[in-house]
> 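The structure's right below; bear with me while I get my questions together.
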Amino acid sequence: MIRQEIVGILRSHLMEFGYEYDFVVEIPEEQFGDFSTNIALVGAKYFKKPPKEIAKDFVEKFSGHRMFKEVTIAGPGFINFKVSNEFYRDFLTKFIQNPYSVWNFKRHGSILMEYGSANPTGPLTVGHGRQVVIGDVLGNVFKFTGWEVTKEMYLNDAGRQIRLLAKSVWARYNQLLGYDEPIPEDGYNGEYVVDIARHVIADHNDEYFKIWNDDVESVFKSYALNEISRMFDTTLEKIGANFDNVFKESSLVNDGTVKEVLTILESKGLVYEEDGALWFRASRFVNDNDKVLIKNDGSYTYFLTDIAYHYKKYKRGYNIAVDIFGSDHHGHLPRMYAAMKALDIPEDFLMFVLHQFVTLKRGDEIVKMSTRAGEFVTLDELIDEVGKDAARYFFAMVDVNTHLNFDLELAKSKTDENPVFYVQYAHARISSLFENAKAKGINFIPRENIELLENESEMRIIKQISLFDEILERVTEKLSPHYLADYLEKLASLFHKYYAENKIVDTDNMRLSNARLNLAFAVRRVLSEGLNLIGISALERM
RNA sequence: GCGGCUGUAGCUCAAUAGGAUAGAGCAUCGGACUUCUAAUCCGAGGGUUGUGGGUUCGAGUCCCGCCAGCCGCGCCA
């Protein structure tokens, strides 16, 4: 917020000088000030003057400006700003009165977030967990910053994999009834497959023993789907993922969207037949090979239904669609962009977040997760072991592009090795301050005595508070939630330090106590908003 | 072979559109609880940013080559 103001002022001064070019206002190392700009350095080639002289011209314009305590030139020509205490105190007062008056969120459009999409053929994995948390947090932040958000999960209930699962369940069903039917090749081996078979037996006894046809397949398919959906729901609830909608692949076939898309592509001459299959001319739009839409056995590829899904997303009126996948799906991107172009859907409609993989560790030991052998650690087990808060925090705390090393021992530990509690503790600490104040007969009055705040650490904290909206914007621009976690840790750290150095509740100095409680109050507000967005609990007491 | 991501302190990670002396946490070592919660705080050590070139006032960041790791390159999803 403050940064935007500085940018604005600088830009208008730049225009007065008769120039227009890009520059940055950033937060430098503390010794240099609160904010800093390279406007004079970048301007050298336009002004045709040395950066330091240009800087001087700018600095003159700032003399006597109420917002700043100091504007100086340093190094090769940086202009450094030190914001006045008065300005910070005004900011704090406004913030406490109504945070939304200082949070600079515009009204944005509508956005459809798709994530956690999985074949309903087995339990959600740890990898899905990362994806779900990234999606959930991004969705929360988008909503908070003024977007209309729909969080959606796509269920691939129409393809070959779900049929394989049905057949696998049927094989287990026969085995349970005493016939040694082998699991199909590429089938599913996990224990949950046996559980589903048990359900079928409970309801139908040996009705389908050694009988396999299309009708039987659809029976087993629906048992499998129901069971797996229930498993998904349980797990998703445990990790606190709030989907607005589950979208079934099969609905695109049933409501004719797939056909509609095929018709459009055909009418544009973008499909052709070869080897008994129907192909899409992806190579016309992107640097990739053509792709199959309909296989030679007449069934649809995942690609075709996914095109239909995205066509439908666009038709549903969203401004932007964000898809979150594991990085193993990056091969899917070019063909999707090609399809969007083919359907005349604007280029900036579809955005992807590809997150890197998760490695589970127990101390130094890597935990093997092999899906085929059915010996994976499921997301469910992970949450049971480390808890929702730790799981979410760990998934949200690193850049989506960074391979995540998830240390189970660390996530579980209740010691200060664990970064999860740091922020929560700051929140709990402040809550206890207020209890303490109350017990000592200090009656907290919002916005009173703020003029008594004057030391460096107090100003640092207010500055950090003032950066909240900008950090959230960054989360949505860069599509990575880790900026928020970093921010909250920094704020918590500043507060812990402040707490250690200053007595906040002090009956010998009631007015100062009230001033400091105001500051603590604002910190707690930001912490709880931030923790909320990440989806972990803001505790009153620890 | 081609493509995507990654390589930063012993470990896990940051570094805000190319900015100033590359920062945190953990671990290690040394301090701080008769005083608002020590799940905290203070201090110390720890680096040729994988490697070799290039671009410029300035490179962890951009370009080219090389090395290493992960992931793709299906009529799987």
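Residue numbers start from 1 in every chain, and the chains themselves are labelled A, B, ... in the order their sequence lines are given, proteins ahead of strands.
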> Kindly point out which of B:C71, B:A15, B:C75 is positioned nearest to the side chain of A:Asp399?
B:A15
> Is the closest side-chain donor-acceptor distance between A:Ser283 and A:Asp290 under 3.5 Å?
yes
> Please determine if a side-chain N or O atom of A:Lys503 lies less than 4.0 Å away from the OP1 or OP2 oxygen of B:U35.
no
> Is there a donor and acceptor pair closer than 3.5 Å between the side chain of A:Asn401 and the base of B:C5?
no
> Pick from A:Tyr115, A:Tyr309, A:Phe232: which one makes a ring-ring contact (aromatic ring centres under 6.0 Å, His included) with A:Tyr154?
A:Tyr309
> Name the pairing partner of B:A59, where a pair is Watson-Crick or G-U wobble with both distances under 3.5 Å, or state none.
none
> Looking at every strand, decide which applies to A:Asn296 at a 4.0 Å heavy-atom threshold: base, sugar-phosphate, or nothing.
base
> Contact class for A:Ala428 (heavy atom, under 4.0 Å): base, sugar-phosphate, or nothing?
base
> Among the nucleotides B:C41, B:A77, B:C75, which one has an atom lying closest to any side-chain atom of A:Ala277?
B:C75
> With a 4.0 Å cut-off on heavy atoms, is A:Leu293 in touch with a base, just the backbone sugar-phosphate, or nothing at all?
nothing
> Should the pair A:Arg525 and A:Phe468 be classed as cation-pi, given the thresholds of under 6.0 Å to the six-membered ring centre and 45° from the axis?
no
> Counting the atoms with a prime plus P, OP1 and OP2 as sugar-phosphate, which does A:Asp290 contact under 4.0 Å by heavy atoms, base, sugar-phosphate, or nothing?
nothing
> Starting at CG of A:Leu527 and ending at P of B:A39, how long is that distance when rounded to a whole Å?
17 Å
> Output the rounded distance in Å from OH (A:Tyr499) to P (B:U35).
11 Å
> Could A:Arg429 and A:Phe495 be counted as a cation-pi pair, given that NZ or CZ must be under 6.0 Å from the ring centre and within 45° of the axis?
no
> Does any donor-acceptor pair link the side chain of A:Ser36 with the base of B:A20 at a separation under 3.5 Å?
yes
> For A:Phe78 and B:A20, are the ring centres under 5.5 Å apart with planes inclined under 30°?
yes
> Between B:C36, B:A15, B:A77, which nucleotide has the shortest distance from any of its atoms to the side chain of A:Val505?
B:C36
> Where do A:Thr125 and A:His128 land on the side chain to side chain donor-acceptor pair (under 3.5 Å) test, with the steps shown first?
CA-CA 5 Å; A:Thr125 63; A:His128 291 123; 3.1 Å; yes
> Assess whether side chain to side chain contact (heavy atoms under 4.5 Å, CB included) is satisfied between A:Phe395 and A:Leu382, documenting all intermediate values.
CA-CA 12 Å; A:Phe395 285 134; A:Leu382 177 80; 3.7 Å; yes
> Test A:Glu30 against every option in A:Lys82, A:Lys463, A:Arg460 by the salt bridge (charged side-chain N to carboxylate O under 4.0 Å, His left out) rule and name the one that passes.
A:Arg460
> Given atom CZ of A:Phe32 and atom P of B:G23, what is their separation to the nearest angstrom?
10 Å
> What is the pairing partner of B:G1, taking Watson-Crick or G-U wobble pairs with both distances under 3.5 Å in any strand?
B:C73
> Could you check how far CZ of A:Arg429 sits from P of B:U35, rounded to whole Å?
13 Å
> Does B:A77 have OP1 or OP2 sitting under 4.0 Å from an N or O in the side chain of A:Lys295?
yes
> Taking only the side-chain heavy atoms of A:Lys361 (C-beta and beyond), determine which of B:C5, B:U12, B:A20 contains the nearest atom.
B:U12
> I want to verify the glycosidic state of B:C33; is it syn or anti under the 90° rule?
syn
> When you check the side-chain N and O atoms of A:Asp323 and A:His332, is any donor under 3.5 Å from an acceptor?
no
> A:Glu29 CD to B:G19 P: how many Å, rounded?
13 Å
> For A:His496, which contact category applies under a 4.0 Å heavy-atom criterion: base, sugar-phosphate, or nothing?
sugar-phosphate
> Who is the Watson-Crick or G-U wobble partner of B:U16, with both distances under 3.5 Å?
none
> Any base atoms under 4.0 Å from A:Arg3, or only sugar-phosphate, or nothing? Heavy atoms, all strands.
base
> Compare the minimum distances between each of B:U40, B:G19, B:C75 and the side chain of A:Asp275, then state the nucleotide with the smallest one.
B:C75
> Using the side-chain heavy atoms of A:Phe357, tell me which of these nucleotides is nearest: B:C71, B:A39, B:C76.
B:C71
> Quick one: the side chain of A:His329 and the base of B:G72, do they pair up donor-acceptor inside 3.5 Å?
no
> Taking CG from A:Leu494 and P from B:C41, how many angstroms apart are they, rounded to a whole number?
11 Å
> Have a look at A:His482 and say if it touches a base, only the backbone sugar-phosphate, or nothing, with a 4.0 Å heavy-atom cut-off.
sugar-phosphate
> Quiz question: by atom type and distance under 3.5 Å, do the side chains of A:Gln161 and A:Thr121 form a donor-acceptor pair?
no
> State whether A:Tyr483 places a side-chain N or O below 4.0 Å from either non-bridging phosphate oxygen (OP1 or OP2) of B:A15.
yes
> Give none if B:U21 has no partner; otherwise give the nucleotide forming a Watson-Crick or G-U wobble pair with it, both distances under 3.5 Å.
none
> Can you tell me the distance, in whole Å, between the CG atom of A:Asn405 and the C1' atom of B:C26?
14 Å
> Ignoring backbone atoms, test whether A:Lys478 places a side-chain nitrogen or oxygen under 4.0 Å from the OP1 or OP2 oxygen of B:A17.
yes
> Using atom C1' in both nucleotides, what's the gap between B:C26 and B:U40 to the nearest angstrom?
15 Å
> So does A:Asp328 reach the base of B:G72 with its side chain, donor to acceptor, closer than 3.5 Å?
no
> When both hydrogen-bonding distances must be under 3.5 Å and the geometry is Watson-Crick or G-U wobble, what is B:G65 paired with, if anything?
B:U51
> Which one is paired to B:C41, where only Watson-Crick or G-U wobble pairs with both distances under 3.5 angstrom count?
B:G31
> Under 4.0 Å, heavy atoms only, any strand: does A:Asn80 hit a base, just the sugar-phosphate, or nothing?
base
> Over all strands shown, is A:Ser327 touching base, sugar-phosphate only, or nothing at heavy-atom distances under 4.0 angstrom?
sugar-phosphate
> With a 4.0 Å cut-off on heavy atoms, is A:Val24 in touch with a base, just the backbone sugar-phosphate, or nothing at all?
nothing
> Heavy atoms under 4.0 Å, any strand shown: does A:Ala426 hit a base, just sugar-phosphate, or nothing?
nothing
> Within the pair A:Thr402 and B:A14, is there a side-chain N or O less than 4.0 Å away from OP1 or OP2?
yes
> A:Asn38 near the nucleic acid: base, sugar-phosphate alone, or nothing, with a heavy-atom cut-off under 4.0 Å?
base
> Between B:U16, B:C41, B:C76, spot the one nearest the side chain of A:Ile27, thanks.
B:U16
> Grab the CD-C1' distance between A:Glu409 and B:C26 for me, whole Å please.
15 Å
> What is the nucleic acid contact for A:Arg163, judged by heavy atoms within less than 4.0 Å: base, sugar-phosphate only, or nothing?
nothing
> Using a heavy-atom cut-off of 4.0 Å across all strands, would you classify A:Leu333 as base, sugar-phosphate, or nothing?
nothing
